[in-house]
Amino acid sequence: MAKRYFRSPTKSTITFKFREASFDLLSDFLVNLNKRNKDNLSSLSKCTGSFKDTRLVEYIFMITKELSLDPLAGYHAIEFVQRYMVNHITDLLTSPTPGGAAAASPKSYEDLLSDKLKEKFPLIVFSCIQLASKLSLHSHIIDSNTAVRFLHSMGHTVSKETVMESELIVLKGLEFRLNPPNPLTYVEILLEVLGHNEPSLPVERLLPLCHNVLQFISLQRSAIYEALLVTTTQCDSPTTEQREKFVTVTEDCMLLGVGVIAVATFILYVRKWKKAVGELSHITGISKRSINDFARVTFKHIFKTSSPVLTTST
């Protein structure tokens with residue numbers, strides 16, 4: 001891939017400091033996260049998740065790493081791509097057919113739209129990453145000059161003006177709303193609360209592994225949630241109605257957050273597994289069984305065999 005454009009982040013820029021926030025501050029954070037999560041789940045589109053394909057997520061993670069961005073930027077960019085593309089495609093398909101295309105069949109017109117999107121898609125994705133890089137005050141920011149150099153190194157011939165126009169178009173397509181639920185934020189805040197409530201748990205050591213587990217789940221999203229759907233419904237071939245209802249589960253950042261922490265805790269501190277799951281259930285209101293099921297499914301995909309024996313009272 002392209003040469004690195006930034007120095008690797010120093011430890012001081014990537015260290016998450018635990019046990020420094022007050023109880024009141026943690027409580028406010030948790031209430032806010034819970035509200036945002038519920039608001040997001042109550043307004044999901046039928047196309048939710050369509051642009052979280054493994055190859056696309058991996059592509060975003062690779063660019064984020066190559067440009068030495070904060071991991072948060074990668075997860076923000078994934079959400080930006082999803083929201084922008086759903087809004088953009090909806091607008092295209094609901095707008096009146098432009099003159100000259102009226103004589104074409106619906107299929108050929110859709111093919112034309114598809115070809116245009118394929119041509120613009122790499123720049124759209126990069127614009128989402130560029131916007132995401134600007135949300136963190138302690139991380140690198142991709143300016144237009146860096147963007148042009150990087151895109152040129154990737155084989156995309158664009159001008160500085162084109163990059164700036166694309167960023168503005170994406171920004172408008174997102175309706176200037178740049179604070180979507182970010183799964184990594186949920187993991188970090190839940191770890192902070194867990195460490196506050198249960199000081200014996202070394203959450204500082206859990207964080208790096210949580211990052212790896214979250215990335216794994218993001219890359220194996222379809223397979224993991226499909227297995228979780230089968231486990232939840234106890235049906236090998238879930239109905240369309242069951243799948244539609246399950247969409248809220250796939251977008252539940254709170255469930256994802258506790259699931260990630262549960263998996264990391266089992267790997268590093270299996271003796272503290274039950275205590276951690278019980279505390280996570282108490283913090284979020286998510287049942288122990290749901291946390292346990294999520295961990296089982298994740299382990300099955302990590303090891304490609306039967307999962308370790310996870311036991312918890314429900």
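All values reported here derive from a predicted model rather than from experimental measurement.
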Val263/Ile267 under side-chain contact (heavy atoms from CB on, under 4.5 Å): CA gap, chis, key distance, verdict = CA-CA 6 Å; Val263 170; Ile267 293 173; 4.0 Å; yes
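Within the 4.5 Å cutoff, no side-chain heavy atoms of Lys134 are placed close to those of His76. Side-chain contact between Val125 and Ile60 is present, with heavy atoms from C-beta onward closer than 4.5 Å. Side-chain atoms of Phe294 and Ile217, non-hydrogen and from C-beta on, do get closer than 4.5 Å to each other. Looking at Arg36 and Asn40, their side chains never come closer than 4.5 Å, going by heavy atoms from C-beta outward.
Taking a 6.0 Å sphere around CZ of Phe23, one finds it holds 12 or fewer heavy atoms contributed by other residues, nucleotides or ligands. Within 6.0 Å of NE2 on His156 lie more than 12 heavy atoms contributed by other residues, nucleotides or ligands.
Counting only distance, with no hydrogens or angles, the side chain of Ser153 and the backbone of Phe150 share a donor-acceptor pair below 3.5 Å. No donor-acceptor distance shorter than 3.5 angstrom exists from the side chain of Thr54 to the backbone of Gln220, with no hydrogens or angles considered. For Tyr269 (side chain) and Leu201 (main-chain N/O), no donor-acceptor pair under 3.5 Å exists by modelled atom type. A donor-acceptor pair under 3.5 Å is formed between the side chain of Arg83 and the backbone N or O of Arg177. Side chain of Thr265 to main chain of Ala276: no donor-acceptor pair is present (N/O by atom type, distance under 3.5 Å, no hydrogens or angles). Proximity of a side-chain donor or acceptor of Asn182 to a complementary backbone N or O of Leu72 within less than 3.5 Å is detected. Between the side chain of Ser166 and the backbone N or O of Val163 there is no donor-acceptor pair closer than 3.5 Å.
Ring geometry for Phe51 against Phe121 counts as tilted: the plane angle lies between 30° and 60°, on a 0 to 90° scale.
Ring centers of Phe61 and Tyr75: under 6.0 Å apart, within the cut-off.
With respect to the salt-bridge test (charged N to carboxylate O, under 4.0 angstrom), the residues Glu251 and Arg221 qualify. A salt bridge is absent between Glu279 and Lys275: the closest approach of a Lys/Arg side-chain nitrogen to an acidic carboxylate oxygen does not fall below 4.0 angstrom. A salt bridge links Asp39 with Lys35: the closest approach of a Lys/Arg side-chain nitrogen to an acidic carboxylate oxygen falls below 4.0 angstrom.
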